K.L.:
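Below you will find the structure I want to go over with you.
What you see below is based on every heavy atom in this structure, not just the backbone, and it leaves out hydrogens, waters and symmetry mates. No experiment lies behind these values; they were computed from the predicted model shown.
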Amino acid sequence: MALGNQLSPTQTLVTFCLWARRNGYSVGEMHGFSAVHPVHTHGSWHFDSDGGFGKAADINKNGPDEREQLIAAVDRAQELGLGVIFARDGVAGLAGHHKNHLHVDVGPFSHLGQSSFTPRGGGDVLTEALQRAVRAGADQVWGADTDLRAEAVKAASNLMGVTFPHGIEFTQRVVGVADDGVWGNQSRAAHDQTTAAIQRALGRAPTGIWDQAMVNAYLHARSLRNRAV
């Protein structure tokens, strides 16, 4: 059995691997798709299986645009809520061994090459990081107040039409500016900085933009934690 709790269904990984194969990627080191070789570390998800399919895969894409194609695969895997390891943002830690291929699994960790990273699940440091981003009490419990604050930031994004279901003043307090009721340049900049902090908590690149991939990653994390309560 691999180390850590399984966070994503095995079928989700199978769905991703089928997408990858349809789009010209090669799927390796995964039961049901290819042989698994004894080169992985002890406790690797590669050695686990469920219903004839593995719980980890290595994804390759040869060609002059290999890196761009692998980054696109990272985005797709994260949209589905899978754990990924790839040297996208640097070569620190595990990512340094994944420069020309992408590791994808159902487990609790993602690492994209930064010197530090947040587990996708745990005790719960992800929730604490998100709570600090939205200025909630950092008690590691994703409760009503955490939900309200995160949803306020999401609603104020361009993707959601810049709405304020709990009032502009509340959203301003969440993003850390004076609650004067005017959503101007300072509020928008603070909103983007808060969004970037939320993205770091979710293990995503801190772009400061709520796109559909970011919404999917947020909703996936939220559903996992609400299910655990």
K.L.:
Who are the side chain to side chain donor-acceptor pair (under 3.5 Å) partners of Asp211, not counting sequence neighbours?
P.N.:
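Asp211: no side chain to side chain donor-acceptor pair (under 3.5 Å) contacts found.
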K.L.:
If the condition is salt bridge (Lys or Arg N to Asp or Glu O under 4.0 Å), which residues does Arg204 pass it with, not counting sequence neighbours?
P.N.:
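Residues passing salt bridge (Lys or Arg N to Asp or Glu O under 4.0 Å) with Arg204: none at all.
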K.L.:
Between Ala197 and Ala133, which heavy-atom pair has the shortest distance, and what is it?
P.N.:
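Where Ala197 meets Ala133 most closely, the heavy atoms are CB-CB, 3.5 Å.
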K.L.:
Please name the pair of heavy atoms, one in Ala205 and one in Arg88, separated by the smallest distance, quoted to 0.1 Å.
P.N.:
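Heavy atoms only, the tightest pair is CB-NH2, 2.8 Å.
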K.L.:
Hydrophobic cluster membership, with links at side-chain heavy-atom distances under 4.5 Å among I/L/V/M/F/W/Y: are Ile71 and Leu80 in one?
P.N.:
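Both belong to a single hydrophobic cluster.
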K.L.:
Met214, Leu159: one ILVMFWY side-chain cluster at the under-4.5 Å cut-off?
P.N.:
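Same cluster: Met214 reaches Leu159 through Ile, Leu, Val, Met, Phe, Trp or Tyr contacts under 4.5 Å.
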K.L.:
With rounding to the nearest 0.5 angstrom, report the NE2 to CZ distance, His98 to Phe86.
P.N.:
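Result: 10.5 Å between the selected atoms.
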K.L.:
Considering all heavy atoms of both residues, which atom of Ala190 and which atom of Val175 are nearest to each other, and what is their separation?
P.N.:
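Minimum heavy-atom separation between Ala190 and Val175: CB-O, 3.6 Å.
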K.L.:
Would Gln78 and Leu112 count as a side-chain contact (heavy atoms from CB on, under 4.5 Å) if you check the C-alpha gap in whole Å, the side-chain angles of each, and the deciding distance to 0.1 Å?
P.N.:
CA-CA 11 Å; Gln78 289 189 321; Leu112 297 176; 3.8 Å; yes
K.L.:
Kindly say whether Ala155 contributes a backbone atom to a donor-acceptor pair with the side chain of Thr163 at under 3.5 angstrom?
P.N.:
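Yes, the answer is positive, given that a donor and an acceptor are paired below the 3.5 Å cut-off.
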K.L.:
Take Met160 and Val215 through the side-chain contact (heavy atoms from CB on, under 4.5 Å) test and state the conclusion after the steps.
P.N.:
CA-CA 10 Å; Met160 299 299 164; Val215 172; 3.7 Å; yes
K.L.:
What residues, two or more places apart in sequence or in another chain, satisfy side chain to side chain donor-acceptor pair (under 3.5 Å) together with Asp145?
P.N.:
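Here the qualifying residues are Arg149.
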K.L.:
Take Val84 and Leu102, measure what side-chain contact (heavy atoms from CB on, under 4.5 Å) needs, and give me the verdict at the end.
P.N.:
CA-CA 7 Å; Val84 296; Leu102 169 68; 4.0 Å; yes
K.L.:
Working to the nearest 0.5 Å, report the span between CZ of Arg200 and CZ of Arg132.
P.N.:
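Answer for the CZ-CZ pair, Arg200 versus Arg132, is 14.0 Å.
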K.L.:
Mark yes or no for whether Tyr218, through its side chain, and Trp210, through its backbone, hold a donor-acceptor pair below 3.5 Å.
P.N.:
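Judged by distance alone, no pair lies under 3.5 Å.
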K.L.:
At their closest point, which heavy atom of Ala150 faces which heavy atom of Leu130, and how far apart are they?
P.N.:
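Smallest interatomic distance, heavy atoms only, reads CB-CD2, 4.2 Å.
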K.L.:
Can you name the side-chain contact (heavy atoms from CB on, under 4.5 Å) partners of Glu66, sequence neighbours left out?
P.N.:
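If we apply the side-chain contact (heavy atoms from CB on, under 4.5 Å) test to Glu66, skipping adjacent residues, the hits are Asn62, Leu70, Asn100.
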K.L.:
Using a 6.0 Å cut-off, check whether atom CG of Asp65 has over 12 heavy atoms from anything other than its own residue.
P.N.:
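Yes, the 6.0 Å shell around CG holds more than 12 heavy atoms from other groups.
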K.L.:
Kindly list each side-chain donor-acceptor pair under 3.5 angstrom involving residues 29-37, sequence neighbours excluded, with atom names and distances?
P.N.:
unit_1, atom_1, unit_2, atom_2, d
Glu29, OE1, His37, N, 2.9
Glu29, OE1, His40, NE2, 2.9
Glu29, OE2, His37, ND1, 2.7
Ser34, OG, Glu29, N, 2.7
Ser34, OG, Met30, N, 3.3

K.L.:
Cluster question for you: counting only ILVMFWY and a side-chain heavy-atom cut-off of under 4.5 Å, with indirect links fine, are Phe53 and Leu82 together?
P.N.:
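Yes, Phe53 and Leu82 fall within the same hydrophobic cluster.
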K.L.:
Can any side-chain N or O of Gln172 pair as donor or acceptor with the backbone N or O of Gly181 at less than 3.5 Å?
P.N.:
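Between the backbone of Gly181 and the side chain of Gln172 there is a qualifying donor-acceptor contact (under 3.5 Å).
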K.L.:
Begin with the C-alpha distance, continue with both residues' side-chain angles, and end with the deciding distance and a verdict on side-chain contact (heavy atoms from CB on, under 4.5 Å) for Val153 and Ile198.
P.N.:
CA-CA 10 Å; Val153 179; Ile198 295 172; 4.1 Å; yes
K.L.:
Give, for atom CG of Asn23 and atom CD of Gln69, the distance between the pair rounded to the nearest 0.5 Å.
P.N.:
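The CD atom of Gln69 is 8.5 Å from CG of Asn23, to the nearest 0.5 Å.
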K.L.:
The criterion is salt bridge (Lys or Arg N to Asp or Glu O under 4.0 Å); which residues satisfy it with Lys154, sequence neighbours excluded?
P.N.:
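Expected list: Glu151.
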K.L.:
Other residues, nucleotides and ligands only: do more than 12 of their heavy atoms fall within 6.0 Å of CD on Gln186?
P.N.:
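Not more than 12 within 6.0 Å, no.
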K.L.:
Has Gln199 got a side-chain atom pairing as donor or acceptor with Thr207's backbone, closer than 3.5 angstrom?
P.N.:
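Confirmed, Gln199 side chain pairs with Thr207 backbone.
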K.L.:
Would you please name every residue forming a side-chain contact (heavy atoms from CB on, under 4.5 Å) with Ser26, sequence neighbours left out?
P.N.:
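Asn60.
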K.L.:
Please identify each residue that fulfils side chain to side chain donor-acceptor pair (under 3.5 Å) with Trp183, with sequence neighbours left out.
P.N.:
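Trp183 satisfies side chain to side chain donor-acceptor pair (under 3.5 Å) with no other residue.
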K.L.:
Per the salt bridge (charged side-chain N to carboxylate O under 4.0 Å, His left out) rule, what does the pair list look like for residues 167-189, sequence neighbours excluded?
P.N.:
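The answer is Arg173-Asp179.
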K.L.:
Does Val91 share a hydrophobic cluster with Ile85, counting links as ILVMFWY side-chain heavy atoms below 4.5 Å and allowing steps through other members?
P.N.:
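No: no chain of side-chain contacts under 4.5 Å links Val91 to Ile85.
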K.L.:
Output a table of donor-acceptor pairs, distance under 3.5 Å, between side-chain atoms of residues 10-22 and any protein atom two or more places apart or on a different chain; print 'none' if there are none.
P.N.:
unit_1, atom_1, unit_2, atom_2, d
Thr10, OG1, Gln6, NE2, 3.2
Thr10, OG1, Asp50, OD2, 2.9
Thr15, OG1, Gln11, O, 3.0

K.L.:
Among all residues two or more places apart in sequence or in another chain, which pass the side-chain contact (heavy atoms from CB on, under 4.5 Å) test with Ala56?
P.N.:
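Testing Ala56 for side-chain contact (heavy atoms from CB on, under 4.5 Å), a comparison that skips the adjacent residues, returns Trp45, His46, His103, Asp105.
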K.L.:
Testing the basics here: between Ala57 and Val27, what is the closest heavy-atom pair and its distance to 0.1 Å?
P.N.:
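Taking Ala57 first and Val27 second, the nearest heavy atoms are CB-CG1, 4.1 Å.
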K.L.:
Could you report the tightest heavy-atom contact between Leu202 and Ala221, atom names first, then the distance?
P.N.:
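Looking at all heavy atoms of both residues, the closest pair is CD2-CB, 3.7 Å.
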K.L.:
Which residues satisfy the side-chain contact (heavy atoms from CB on, under 4.5 Å) test with Ala152, sequence neighbours excluded?
P.N.:
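Here the qualifying residues are His166, Phe170, Thr171.
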